[in-house]
Amino acid sequence: MATPHIRAKEGEIAKCILLPGDPRRAKFIAENFLENPVLFNDVRGILGYTGIYKGRRVSVMGTGMGMPSISIYVNELMSQYGVKVARRIGTCGSQNPEAKLGDVLMAQGCCTTSRINRRMFNGVYAPVADFELLRTAYLKAKERGAGVAVGNVLSSDMFYSLAPDDRFKNWFDFGVIGVEMEGAALYTVARKYGARALMLCTVSDSVSDPKGMTPEQRETSLTNMITLALDTIWEYAE
Ligand code: HPA
């Protein structure tokens, strides 16, 4: 069994998966948070591992950057490998002055500048998170006293733009809380296969602090997000 982009054998991928954009982050999570991690994919350097977290099987795999890349992997994971619960963990930018670096954002819905959904639907599809996953993650974050915001995120097709100062102003004026590049595709594809999906992002660049994150801030906020994601996906794992 193999797909064009994943070379895992049947049964090697768990029903629940964490999806960071960076494949090396998948390796980091597997080696530091999972017991007995086993590599199931390295096609195109997209590393994927399955291991044990608190007694249950969980997988973690990189997705690459952008909606075309994540939709290839999520389509193959859900259509061929039986993945039923997917949790993207990523970083995002924010032009909301109240958003602090390291804050965890939970994407309730994803607006997008991508044309993918405009080609797929003859109207505007609104990709939303799985409500139960969102509710569980929100309550768990609150319990831990973590700074968390829930709302609409913008999944953009561009990281660099010709007009950096006002490129996202409209979106933030209408309540968007962060901008990243994959969420809308994850939510749309998951619905197609009747799977559950949720995206958590830490704010890695914000107008409130143009200096950006220190390495310590990055490490701490990443660890908080990984443990929150693992602890909440764990409830669905086998
Ligand atoms: N734009 C898009 N994706 C991102 C950003 C951004 O500013 N920061 C982190 N991921």
Side-chain angles (χ1 to χ4, degrees), residues 18-26 28-29 45-46 60-74 86-118 127 129 137 146-189 197-226 228-229:
L18 290 196
L19 299 170
D22 181 353
R24 290 224 300 258
R25 189 154 294 158
F28 172 83
I29 294 169
I46 294 290
V60 55
M61 186 173 106
T63 63
M65 288 179 281
M67 285 172 270
S69 184
I70 193 171
S71 49
I72 287 172
Y73 294 109
V74 174
R87 171 84 42 106
R88 171 169 144 69
I89 46 175
T91 54
C92 68
S94 181
Q95 292 191 1
N96 176 353
E98 283 163 31
K100 291 191 294 302
L101 293 174
D103 277 359
V104 175
L105 307 186
M106 296 184 181
Q108 184 177 19
C110 293
C111 308
T112 185
T113 59
S114 160
R115 292 198 68 82
I116 299 176
N117 280 4
R118 271 178 270 172
V148 48
V150 179
N152 238 338
V153 164
L154 171 65
S155 301
S156 167
D157 258 349
M158 282 204 291
F159 187 88
Y160 297 108
S161 145
L162 296 177
D165 291 338
D166 62 359
R167 58 184 177 155
F168 296 128
K169 184 175 182 309
N170 239 354
W171 297 102
F172 284 91
D173 285 350
F174 281 73
V176 156
I177 56 174
V179 51
E180 54 81 62
M181 302 183 72
E182 292 82 18
L186 169 65
Y187 284 2
T188 305
V189 175
L198 176 66
M199 174 168 75
L200 307 182
C201 288
T202 54
V203 178
S204 62
D205 41 276
S206 167
V207 286
S208 69
D209 195 346
K211 284 197 306 295
M213 277 174 145
T214 62
E216 294 76 36
Q217 264 177 321
R218 209 173 276 278
E219 183 72 37
T220 317
S221 64
L222 190 67
T223 305
N224 288 343
M225 183 171 60
I226 293 167
L228 179 63

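Just follow the structure's listing: the first ligand is 1, and inside any ligand the first atom is 1.
For the residue pair Glu180/Ser155, the side-chain donor-acceptor check at 3.5 Å is satisfied. For the residue pair Thr112/Asn117, the side-chain donor-acceptor check at 3.5 Å is not satisfied.
Listed by number with element, the atoms of ligand 1 under 4.0 Å from a non-hydrogen atom of Asp205 are 7 (O), 8 (N), 9 (C). Residue contact check: Ser204 has heavy atoms under 4.0 Å from atoms 9 (C) of ligand 1.
Residue contact annotation: Ser156 has no non-hydrogen atom under 4.0 Å from ligand 1.
No more than 12 heavy atoms of other residues, nucleotides or ligands lie within 6.0 Å of CZ in Arg24, so this atom counts as exposed by the packing criterion.
Each of Thr220, Ile226, Asn224 was checked for a side chain to side chain contact (heavy atoms under 4.5 Å, CB included) with Leu222, and the lone residue meeting it is Ile226.
Looking at ligand 1, you won't find any N or O of Met181 less than 3.5 Å from one of its N or O atoms.
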